[in-house]
Number of protein chains: 4
Amino acid sequence: MEEQRLSRKEQEKLWRRKHVLSAALELFSKKGYHNISMRQIAKKAEFAIGTLYKFFRNKEDLYKEIVREMAEEYHRRLMEPLERENDAIAAIEGYINAKLDLFSDHKSSLLLYLSETQSPSFNISAGLDKEMQKLYNELMDRLAKIFESAIKRKKIRKRDPRALAISLEGLTNSFLFYWLEKPEEHPFEKDASTIAEIFLKGVSYE
Amino acid sequence: MEEQRLSRKEQEKLWRRKHVLSAALELFSKKGYHNISMRQIAKKAEFAIGTLYKFFRNKEDLYKEIVREMAEEYHRRLMEPLERENDAIAAIEGYINAKLDLFSDHKSSLLLYLSETQSPSFNISAGLDKEMQKLYNELMDRLAKIFESAIKRKKIRKRDPRALAISLEGLTNSFLFYWLEKPEEHPFEKDASTIAEIFLKGVSYE
Amino acid sequence: MEEQRLSRKEQEKLWRRKHVLSAALELFSKKGYHNISMRQIAKKAEFAIGTLYKFFRNKEDLYKEIVREMAEEYHRRLMEPLERENDAIAAIEGYINAKLDLFSDHKSSLLLYLSETQSPSFNISAGLDKEMQKLYNELMDRLAKIFESAIKRKKIRKRDPRALAISLEGLTNSFLFYWLEKPEEHPFEKDASTIAEIFLKGVSYE
Amino acid sequence: MEEQRLSRKEQEKLWRRKHVLSAALELFSKKGYHNISMRQIAKKAEFAIGTLYKFFRNKEDLYKEIVREMAEEYHRRLMEPLERENDAIAAIEGYINAKLDLFSDHKSSLLLYLSETQSPSFNISAGLDKEMQKLYNELMDRLAKIFESAIKRKKIRKRDPRALAISLEGLTNSFLFYWLEKPEEHPFEKDASTIAEIFLKGVSYE
DNA sequence: CATGAATGAGGTTTCATTCAT
DNA sequence: TATGAATGAAACCTCATTCAT
């Protein structure tokens with residue numbers, strides 16, 4: 001609807017911008033920010049270097065945009081089950097599933113994402129920290145709220161809801177990392193239910 | 001004792017080398033490998049650039065050495081409680097405590113360590129991967145073995161020991177990261193016992 | 001004609017490349033490869049350093065290209081009279097003349113050329129040796145063949161044709177070097193005929 | 001006799017100096033001035049770097065000393081037959097023989113020598129030129145004088161004696177270079193007599 | 001006196017960014 | 001508007017030379 005307002009030219013520009021972002025993401029996530037040059041991005045995106053600078057003020061901006069978009073997509077996909085499901089257990093299972101899907105879809109770009117969300121200290125995105133933190137906090141708050149209500153309804157044992165949220169994050173991350181790094185090993189079922197079971201058994205009332 | 005064998009000169013050289021490593025660590029962990037120049041390291045270490053190259057073949061070598069030393073210290077400190085304690089529960093509590101101490105002592109350098117152990121794909125330490133993986137696997141194996149025996153002795157519920165090891169890793173990491181990033185917030189007791197309780201309650205019989 | 005195919009841009013690029021080569025040649029032949037920096041070449045060619053690297057992968061490549069072009073020109077100019085003239089004597093006289101012209105035109109660059117053809121052991125152009133040797137051998141073979149046929153036709157005394165070729169090389173080089181180093185001295189006529197006479201009287205029948 | 005005046009210490013110093021020169025010569029003649037570092041020379045000579053600087057003011061000085069000594073030895077050895085022999089023909093044959101011996105003895109270091117004598121323009125030995133030129137001119141003068149007297153005695157045809165000297169230089173150099181670069185090929189007898197015959201037949205009466 | 005650790009100027013090379021076309 | 005050649009700052013690294021021991 002509202003995008004109708006954009007002229008064809010603006011539409012095209014937007015589309016080209018996306019194209020550049022996607023090319024850059026692929027390269028960055030394979031080799032890292034510092035090992036990819038603007039020339040390489042330009043080549044992959046099939047634009048001239050100068051054109052990239054029409055879309056982004058500089059390399060850092062281009063990078064920030066990638067991280068921002070990634071963060072937003074991830075946030076959207078992880079929030080969705082948490083907001084859709086009424087039942088706490090279902091919400092958590094949905095969340096774990098969404099995270100697993102995310103990891104499967106974006107294996108390599110994930111490292112980029114995590115290096116940004118988990119170690120804001122020495123990354124490129126100065127100034128992005130706050131935005132990212134905001135999204136992350138939203139997610140954690142939402143998780144905490146779900147735990148809080150589940151505790152009230154005696155679905156899970158009484159514990160600090162924030163601590164539970166952190167726990168869930170930790171569990172999912174560690175399993176997903178493990179699977180990411182060792183795609184071949186199968187000591188146990190490699191799907192969301194493994195994590196869900198461990199977490200839920202751990203926190204549930206008998 | 002055995003270090004008596006080193007001449008004063010050798011001792012001094014070793015000390016100077018350590019001095020450079022420590023200066024570099026501080027810089028790298030604050031800004032990352034690519035954002036720190038040899039000139040900056042030289043300045044911080046109060047040596048001439050050329051001197052750094054007496055100690056390390058090149059920048060990459062210097063970096064690898066840092067990561068290697070860090071990894072070895074961390075491994076040592078985390079393994080220690082696991083090998084000292086006979087009781088599974090005590091071992092795990094000891095492990096969590098050791099990890100907390102580690103995080104407190106080496107806040108910033110830790111990010112360097114984790115960026116190496118957790119995302120070997122686009123880091124600098126080509127060839128260091130295997131060493132690091134070996135240490136990490138040793139740790140995980142040791143944890144798994146402890147869980148295995150605890151399960152046999154019915155101390156904790158039957159689950160895949162490897163999965164338990166991964167879980168513990170995830171839980172500790174997420175809490176410690178959380179505390180690292182938000183040193184001011186105290187939604188719950190910020191010590192090892194919080195994690196230990198969550199983990200152990202989750203996995204224990206009744 | 002065929003160069004019409006090159007676009008104006010390509011033409012200009014080629015021209016600029018030549019310009020760099022010529023600036024570098026002048027510097028190298030005055031001070032030698034190791035005593036000339038890329039910065040100096042850039043300055044002389046009135047380009048930024050970075051621009052040099054658009055034309056040549058690195059300093060060595062730039063140097064090799066100079067030597068290669070020089071060798072090819074020299075080869076062309078020296079071969080020409082040998083292939084044009086049917087008469088052995090005329091061919092030799094033509095060759096000596098061509099060499100004299102060459103020396104006059106390219107005084108300084110010649111030392112570069114000779115330091116490459118005559119002492120392939122410790123020069124920069126590893127890998128260029130073979131090419132240069134090939135050209136040089138072609139020339140010597142051609143000279144030898146001319147002598148062979150002249151001997152058959154009893155134009156010159158019977159001797160090993162290869163030895164005669166080497167002799168001619170030696171004579172011409174020594175005179176030309178002599179003239180190059182002492183442009184002012186005139187103990188005898190300073191032109192091709194001096195060498196030709198010495199050589200031909202030496203080898204001819206009566 | 002006169003060296004008795006030198007104390008043992010001075011003798012030793014002199015001896016050590018020679019040792020350094022010889023080590024450096026070996027290295028320089030294999031790889032060239034710019035590809036050999038003071039460290040390498042120190043190592044080969046089994047001295048500390050600092051010690052080299054007791055003997056020579058700097059790298060260039062060390063190099064000049066090598067070239068100077070080399071030039072003096074060569075000069076001595078080439079002059080000797082020219083001054084010993086009374087007969088022009090014998091003197092020339094002796095000279096060619098001496099040159100051949102020289103080339104055989106000092107194959108590699110010769111390139112160093114020739115790069116200095118033949119292309120004084122871009123070498124390291126700034127200021128050495130004059131000395132070298134003096135020695136070289138002495139040699140050429142002596143050769144010229146011999147030719148002059150031989151012409152007077154009708155041993156060889158009338159020609160400019162200087163030109164004959166240059167010719168002899170050229171012939172010997174070209175053959176010796178040829179043999180140096182292609183030690184395996186034998187198109188003709190590879191000894192002094194080949195050159196002597198060519199030269200003498202070329203210039204002689206009859 | 002001999003040593004070699006330390007120095008730092010200066011070399012080569014890369015690459016984000018600009019701007020004339 | 002899109003281009004990519006040109007730019008030059010700044011990176012890594014070497015090595016002749018010095019000087020405290």
Side-chain angles (χ1 to χ4, degrees), chain A residues 9 12-13 16 33-43 46-63, chain B residues 8-10 12-13 16-17 20 33-43 45-62, chain C residues 8-10 12-13 16-17 20 33-43 45-62, chain D residues 9 12-13 16 33-43 46-63:
Chain A
K9 277 204 171 173
E12 270 181 16
K13 181 162 183 177
R16 287 212 266 252
Y33 180 78
H34 292 284
N35 301 310
I36 291 298
S37 68
M38 289 301 268
R39 170 179 298 276
Q40 285 170 286
I41 297 172
K43 192 169 184 188
E46 291 171 291
F47 282 109
I49 290 182
T51 311
L52 301 191
Y53 284 85
K54 299 280 186 245
F55 298 130
F56 309 94
R57 249 191 327 136
N58 51 35
K59 191 186 177 188
E60 191 183 325
D61 251 39
L62 163 51
Y63 181 75
Chain B
R8 181 185 53 76
K9 273 200 174 175
E10 283 168 314
E12 272 181 16
K13 179 161 184 177
R16 283 201 269 260
R17 210 185 113 102
V20 172
Y33 180 79
H34 291 286
N35 300 311
I36 291 298
S37 69
M38 289 302 267
R39 181 177 300 276
Q40 285 170 289
I41 297 172
K43 195 168 184 186
E46 290 172 294
F47 281 110
I49 288 186
T51 309
L52 302 192
Y53 287 87
K54 292 272 187 271
F55 297 128
F56 308 95
R57 252 188 324 138
N58 52 37
K59 192 186 175 188
E60 192 182 326
D61 250 42
L62 163 51
Chain C
R8 181 185 53 77
K9 274 201 175 175
E10 283 169 315
E12 271 180 16
K13 178 160 184 178
R16 283 201 268 261
R17 210 186 113 102
V20 173
Y33 180 79
H34 291 286
N35 300 311
I36 292 298
S37 69
M38 289 301 267
R39 183 177 302 274
Q40 285 170 288
I41 298 172
K43 194 169 183 184
E46 289 171 293
F47 281 110
I49 287 187
T51 309
L52 303 191
Y53 286 86
K54 292 272 186 271
F55 297 127
F56 309 95
R57 252 189 324 139
N58 51 38
K59 191 186 177 187
E60 193 181 326
D61 250 41
L62 163 52
Chain D
K9 276 203 172 174
E12 270 181 16
K13 180 161 182 177
R16 289 212 265 251
Y33 179 78
H34 292 285
N35 301 311
I36 291 298
S37 68
M38 289 300 270
R39 170 180 297 276
Q40 284 169 287
I41 297 172
K43 192 169 184 187
E46 290 170 293
F47 282 109
I49 291 182
T51 311
L52 302 191
Y53 283 85
K54 299 280 185 243
F55 297 130
F56 309 94
R57 250 191 327 137
N58 51 35
K59 193 187 176 187
E60 192 182 324
D61 251 40
L62 163 52
Y63 181 74

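Base-pairing analysis of DNA chain F finds the following stems of at least three consecutive Watson-Crick or G-U pairs, with both pairing distances under 3.5 Å: E:2-21 with F:2-21.
Distance, B:Ile41 CD1 to F:dC13 P: 10 Å, rounded to whole Å. Spacing between atom CG of B:Asn35 and atom P of F:dA10 amounts to 14 Å, rounded to whole angstrom units. Atom NZ in C:Lys43 sits roughly 20 Å away from atom P in F:dA6 (whole-Å rounding). In this structure, the CG atom of D:Leu52 is 17 Å from the P atom of E:dC1, given to the nearest Å. In this structure, CG of D:Leu62 is placed 16 Å from P of F:dC15, rounded to the nearest angstrom. Between the CZ atom of A:Phe47 and the C1' atom of F:dT1 there is a distance of 12 Å, rounded to whole Å. Residue B:Phe56 contributes atom CZ, which lies 15 Å from atom P of F:dC12 at whole-angstrom precision. Atoms CZ (C:Arg17) and P (F:dA5) sit 14 Å apart, rounded to a whole Å.
Residues C:Gln40 and B:Thr51 both approach DNA chain E. Their nearest nucleotides, taken by heavy-atom distance, put B:Thr51 toward the 5′ side.
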Next item on the list: Could you check B:Phe55 against B:Leu62 for side chain to side chain contact (heavy atoms under 4.5 Å, CB included), going step by step and ending with a plain yes or no?
Entry: CA-CA 8 Å; B:Phe55 297 128; B:Leu62 163 51; over 6 Å; no
Check: What do the steps show when you test C:Asn35 against D:His34 for side chain to side chain contact (heavy atoms under 4.5 Å, CB included), and what is the final call?
Finding: CA-CA 9 Å; C:Asn35 300 311; D:His34 292 285; 3.3 Å; yes
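Of all non-hydrogen atoms in B:Tyr53 and B:Asn58, the two that sit nearest each other are CE2-CA, 3.8 Å. Pairing each heavy atom of D:Ala48 with each of D:Ala42, the nearest pair is C-CB, 4.1 Å.
Between the B:Lys59 side chain and the B:Ile36 main chain, a donor and an acceptor come within less than 3.5 Å of each other.
Other residues, nucleotides and ligands contribute at most 12 non-hydrogen atoms within 6.0 Å of the CD atom of D:Glu46.
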Item checked: Per-nucleotide protein contact string for nucleotides 16-21 of chain E (B base, S sugar-phosphate only, - none; heavy atom under 4.0 Å) -> SBB---
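Rounding to the nearest 0.5 Å gives a distance of 11.5 Å between CZ of C:Arg17 and CG of C:Leu52. With values rounded to the nearest 0.5 angstrom, D:Ile49 atom CD1 is found 11.5 Å from D:Lys43 atom NZ.
For the pair C:Arg16/C:Thr51, no side-chain contact is recorded, criterion being any heavy-atom separation below 4.5 Å from C-beta on.
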